[in-house]
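The structure under discussion appears below in the form of structure tokens.
To find a chain, count down the sequence lines: A is the first, B the second, and so on, and within it residues start at 1.
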Amino acid sequence: MLDVKFIRENKDIVAAGAKKKRIEVDLDRLIALDDKRRELQAKIDEKRAEQNAASNAIATARSDAERQEIIARMQDVKETLRLEEESMQEILKEWRSLMVQVPNIPDISVPEGDSDADNKEVRRWPAQSGVEGGEPVKFDFEPKSHTELLLLHDMADYERGAKVSGFRGYFLKNDGARMVWALERFVQDRFADKGFTPMIVPSLVRREAFIGTGYLPQGEDDLYKTQDGEYLAGTAEVATMGYYMDETLDKNDLPLKFFSFSPCYRREAGSHGKDAKGIFRIHEFLKYEQVVLCEASHEESARLHEEITANAEELLQELGLPYRVVINCGADLGLGQVKKFDVEAWMPSEKKYRETHSSSYFHDFQTRRLNIRYRGEDGALRYAHSLNNTALATPRILCQIVENNQRPDGSIAIPKALQSCMGKETIDHGPGNR
RNA sequence: GGAAGGGUGGCUGAGUGGUCUAAAGCGCAUGCUUGGAGAGCAUGAGUCGGGGAAACUCGACCGCGAGUUCGAAUCUCGCCCCUUCCGCCA
């Protein structure tokens with residue numbers, strides 16, 4: 001949410017930002033409503049002042065007659081006030097619904113574009129991995145897809161997954177399960193000394209934190225909802241951001257960095273047909289997320305954004321997965337995001353880079369909604385800034401790991417970083433896998 | 001799921017219809033005092049919104065939301081959360 005004063009004073013900037021994001025919002029309507037809101041508020045305040053004065057006069061009145069006279073007079077004021085408050089309610093209802101639709105302003109460096117096809121590559125690793133369109137990994141055989149490879153080694157069972165869990169359901173078995181556990185251990189270790197606070201956070205989360213992070217009210221269709229009214233979070237970001245809701249932070253503690261784990265649930269409404277097979281796009285998965293709260297400075301947000309992006313890149317490098325970083329275009333940004341990098345690892349079977357991490361910052365868009373503040377050096381309260389990026393999402397990353405490490409005979413070389421935890425160097429047809 | 005009791009400022013806690021403009025204590029800040037600290041004394045201090053150059057001033061905020069009333073921290077209703085006990089349970 002933006003400050004309504006800022007919207008009033010910078011209508012053109014806000015409008016241009018919304019246009020860049022391809023989001024429709026009626027700012028003129030909002031500002032007209034805000035005028036009415038302010039005008040009405042002044043009237044209501046005036047009546048209240050009158051009431052307060054009368055209330056004192058009644059309490060200190062010397063006679064009953066005097067008292068009755070004031071009460072009779074105040075009955076009219078009460079009626080007028082009631083009508084004004086009623087119209088205030090109506091105005092506020094529409095005002096609020098428009099306010100939560102106003103998108104945050106994208107950074108100047110965000111490219112124009114209509115869809116993720118317009119995202120721009122920023123860098124790739126290894127740096128020498130070919131020109132645009134070139135393949136970073138050459139196979140002298142036809143590489144199998146992750147769907148096939150996981151099935152071949154009995155690492156996953158999609159059919160029984162669907163039988164038990166429904167569409168996009170899956171079981172991970174044998175080295176599929178072991179690799180997820182090894183990856184968890186791997187990412188836990190790598191984040192142990194980076195100054196992040198490890199947390200296991202709720203997936204079952206109440207509405208407020210979804211509104212606060214910007215997933216609601218727009219994303220209702222993307223979320224599972226319980227019969228008690230909570231929602232299942234699609235990322236640990238929601239609960240982690242909710243952690244300090246309505247609190248004032250100590251400036252000396254900033255930046256606060258969290259390494260948050262949770263199961264994640266996504267309805268993937270509207271994604272039918274996309275990635276329908278395998279474990280790339282699923283309803284239920286596990287994710288370690290980086291969440292950061294910092295002081296209200298663009299430079300600090302930008303610096304930490306690079307830092308959490310670099311953290312993700314380090315992991316992919318150690319796993320030996322070729323990747324690229326793209327800057328997301330305006331249309332591919334969420335409501336509250338100022339700027340976003342997606343990190344995409346190479347998928348040989350598709351000859352494409354596919355997303356493994358998503359790194360973004362929000363300035364005070366989320367913290368204003370969540371009411372997370374800190375006291376600045378000048379004593380003033382400010383909304384903190386917030387950022388987040390994936391640390392590691394499983395089982396998606398298995399897709400790129402098995403595809404990039406496959407050999408002509410179908411066996412899979414296990415990345416060095418996972419070998420000790422998995423207790424071997426190769427996945428082939430052996431005991432426990434067939 | 002059942003029963004009972006609660007939710008008041010940074011904290012403890014008083015307040016059951018009208019100067020509540022929220023007592024008191026603790027803690028905090030500043031000053032006096034001191035060689036320094038403590039104690040003591042004095043003063044001050046919340047958040048959000050409106051008006052104002054400012055001093056200041058008006059309004060809102062006692063878990064949240066509705067209602068009763070000229071007037072609500074206080075009464076009524078709904079919801080949320082906490083505590084204790086019972087039940088269930090990894």
Side-chain angles (χ1 to χ4, degrees), chain A residues 1-9 30-100 200-212 216-217 225-231 238-239 242-253 262-263 296 364-384:
Chain A
M1 177 138 53
L2 296 177
D3 186 350
V4 71
K5 266 194 251 169
F6 179 87
I7 298 173
R8 294 178 70 100
E9 289 162 14
L30 175 61
I31 290 170
L33 269 174
D34 196 52
D35 287 340
K36 273 197 213 164
R37 181 187 68 89
R38 291 162 70 123
E39 191 185 315
L40 203 49
Q41 187 64 53
K43 279 189 189 172
I44 289 171
D45 283 354
E46 206 175 291
K47 298 273 186 318
R48 287 262 168 76
E50 195 180 335
Q51 266 189 346
N52 289 342
S55 194
N56 283 345
I58 290 168
T60 55
R62 277 169 304 182
S63 70
D64 255 11
E66 191 183 340
R67 199 169 286 128
Q68 289 311 318
E69 191 262 321
I70 303 171
I71 289 174
R73 184 156 50 79
M74 291 317 289
Q75 261 156 359
D76 287 345
V77 174
K78 183 195 181 181
E79 181 57 16
T80 316
L81 187 57
R82 192 183 65 80
L83 293 173
E84 284 173 352
E85 282 179 334
E86 258 172 35
S87 42
M88 188 64 153
Q89 291 289 327
E90 277 171 44
I91 288 167
L92 272 181
K93 196 177 163 199
E94 192 184 347
W95 183 87
R96 287 199 194 97
S97 89
L98 280 175
M99 277 296 284
V100 295
I200 297 174
V201 309
S203 300
L204 198 58
V205 176
R206 296 166 59 179
R207 194 176 167 83
E208 291 76 41
F210 284 93
I211 301 272
L216 285 176
K225 189 177 184 179
T226 72
Q227 64 266 47
D228 296 322
E230 303 94 351
Y231 296 81
V238 181
Y243 188 75
Y244 284 116
M245 187 162 56
D246 293 321
E247 294 192 33
T248 302
L249 308 173
D250 189 334
K251 184 175 186 293
N252 297 320
D253 294 337
S262 82
D364 61 4
F365 187 89
Q366 295 186 316
T367 52
R368 184 183 301 277
R369 291 182 173 204
L370 289 163
N371 191 28
I372 300 174
R373 298 177 298 175
Y374 70 94
R375 200 170 290 281
E377 266 144 17
D378 57 358
L381 286 166
R382 291 206 178 78
Y383 293 106

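- Computed from coordinates, the A/Gln41 CD to B/rC61 P distance equals 11 Å when rounded to whole Å.
- A/Asp246 is linked by a side chain to side chain contact (heavy atoms under 4.5 Å, CB included) to A/Asn371, counting only residues two or more places apart in sequence or in another chain.
- Using Watson-Crick or G-U wobble geometry with both donor-acceptor distances under 3.5 Å, B/rU16 finds no partner in any strand shown.
- For the ring pair (Phe, Tyr, Trp, His ring centres under 6.0 Å) test, no residue two or more places apart in sequence or in another chain qualifies with A/Tyr243.
- For A/Arg38, the side chain to side chain contact (heavy atoms under 4.5 Å, CB included) partners two or more places apart in sequence, or in a different chain, are A/Arg8, A/Asp34.
- Residues meeting the side chain to side chain contact (heavy atoms under 4.5 Å, CB included) test with A/Leu92, sequence neighbours left out: A/Arg37, A/Met88, A/Trp95, A/Arg96.
- Base-pair partner of B/rA37: not found among the strands shown (Watson-Crick or G-U wobble, both distances under 3.5 Å).
- Among the atoms of the strands shown, only primed sugar atoms or phosphate atoms (P, OP1, OP2) are found under 4.0 Å from some heavy atom of A/Arg206.
- With hydrogens and angles ignored, the 3.5 Å screen pairs no side-chain donor or acceptor of A/Tyr383 with any backbone N or O of A/Leu370.
- Proximity of a side-chain donor or acceptor of A/Arg67 to a complementary backbone N or O of A/Ile58 within less than 3.5 Å is detected.
- Taking every side-chain heavy atom of A/Arg38 into account, B/rG51 is the closest of B/rG18, B/rG51, B/rC80.
- Straight-line distance from the CG atom of A/Leu92 to the P atom of B/rG49: 15 Å, rounded to whole Å.
- Considering only residues two or more places apart in sequence or on other chains, A/Phe365 meets the ring pair (Phe, Tyr, Trp, His ring centres under 6.0 Å) condition with none of them.
- Rounding to whole angstrom units, CG of residue A/Asp250 and P of B/rG10 are separated by 15 Å.
- Rounded to an integer number of Å, the gap from A/Ile44 CD1 to B/rC61 P is 12 Å.
- Across every strand in view, B/rC48 sits in a pair with B/rG59 that passes the Watson-Crick or G-U test at under 3.5 angstrom.
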Exercise. Nucleotide by nucleotide, 5' to 3', does protein get under 4.0 Å of the base (B), only the sugar-phosphate (S), or neither (-) in nucleotides 64-73 of chain B, counting heavy atoms?
Worked result: --S--BBS--

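- Between A/Met245 atom CE and B/rC81 atom P the separation is 12 Å, expressed in whole Å.
- Applying the salt bridge (Lys or Arg N to Asp or Glu O under 4.0 Å) criterion to A/Glu208, with sequence neighbours excluded, gives A/Arg206.
- Looking at every heavy atom in both residues, A/Pro217 comes nearest to A/Val100 through CG-CG2, 3.8 Å.
- For the P atoms, the distance from B/rG17 to B/rC89 is 48 Å, rounded to whole Å.
- Between A/Ala59 and A/Ala53, the residue whose closest nucleotide on RNA chain B is further toward the 5' end is A/Ala59.
- Using Watson-Crick or G-U wobble geometry with both donor-acceptor distances under 3.5 Å, B/rG1 finds its partner in B/rC86.
- Comparing the C1' positions of B/rC28 and B/rU84 gives a spacing of 34 Å, expressed to the nearest Å.
- Qualifying salt bridge (Lys or Arg N to Asp or Glu O under 4.0 Å) partners for A/Glu94, counting only residues two or more places apart in sequence or in other chains: A/Arg29.
- Shown here are the side-chain hydrogen bond (donor to acceptor under 3.5 Å, both in side chains) partners of A/Arg369, two or more places apart in sequence or in another chain: there are none.
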Just the atom pairs and distances: protein N or O near nucleotides 45-48 of chain B's N or O, under 3.5 Å.
from: B/rU47; atom 1: O3'; to: A/Arg373; atom 2: NH1; distance (Å): 3.2
from: B/rC48; atom 1: OP1; to: A/Arg373; atom 2: NH1; distance (Å): 3.3

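- Distance check on atom P: B/rU69 versus B/rG59 gives 23 Å, rounded to whole Å.
- Of the C1' atoms belonging to B/rA60 and B/rG2, the separation is 40 Å, rounded to the nearest Å.
- One N or O on the side chain of A/Asp250 and one on the backbone of A/Asn252 form a donor-acceptor pair closer than 3.5 Å.
- Sorted by first and then second residue, the salt bridge (Lys or Arg N to Asp or Glu O under 4.0 Å) pairs involving residues 75-84 of chain A (not counting sequence neighbours) are A/Lys47-A/Glu84, A/Glu79-A/Arg82, A/Arg82-A/Glu86.
- Nucleotide B/rA42 forms a Watson-Crick or G-U wobble pair with B/rU30, both donor-acceptor distances falling under 3.5 Å.
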Distances under 3.5 Å only, N/O to N/O: pair up the protein atoms with those of nucleotides 52-58 of chain B.
none

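- Across the P atoms, B/rG9 and B/rC79 are found 24 Å apart, a figure rounded to whole Å.
- We find that CG of A/Leu40 is positioned 15 Å from P of B/rG51, with the value rounded to whole Å.
- Rounded to an integer number of Å, the gap from A/Lys5 NZ to B/rG51 C1' is 13 Å.
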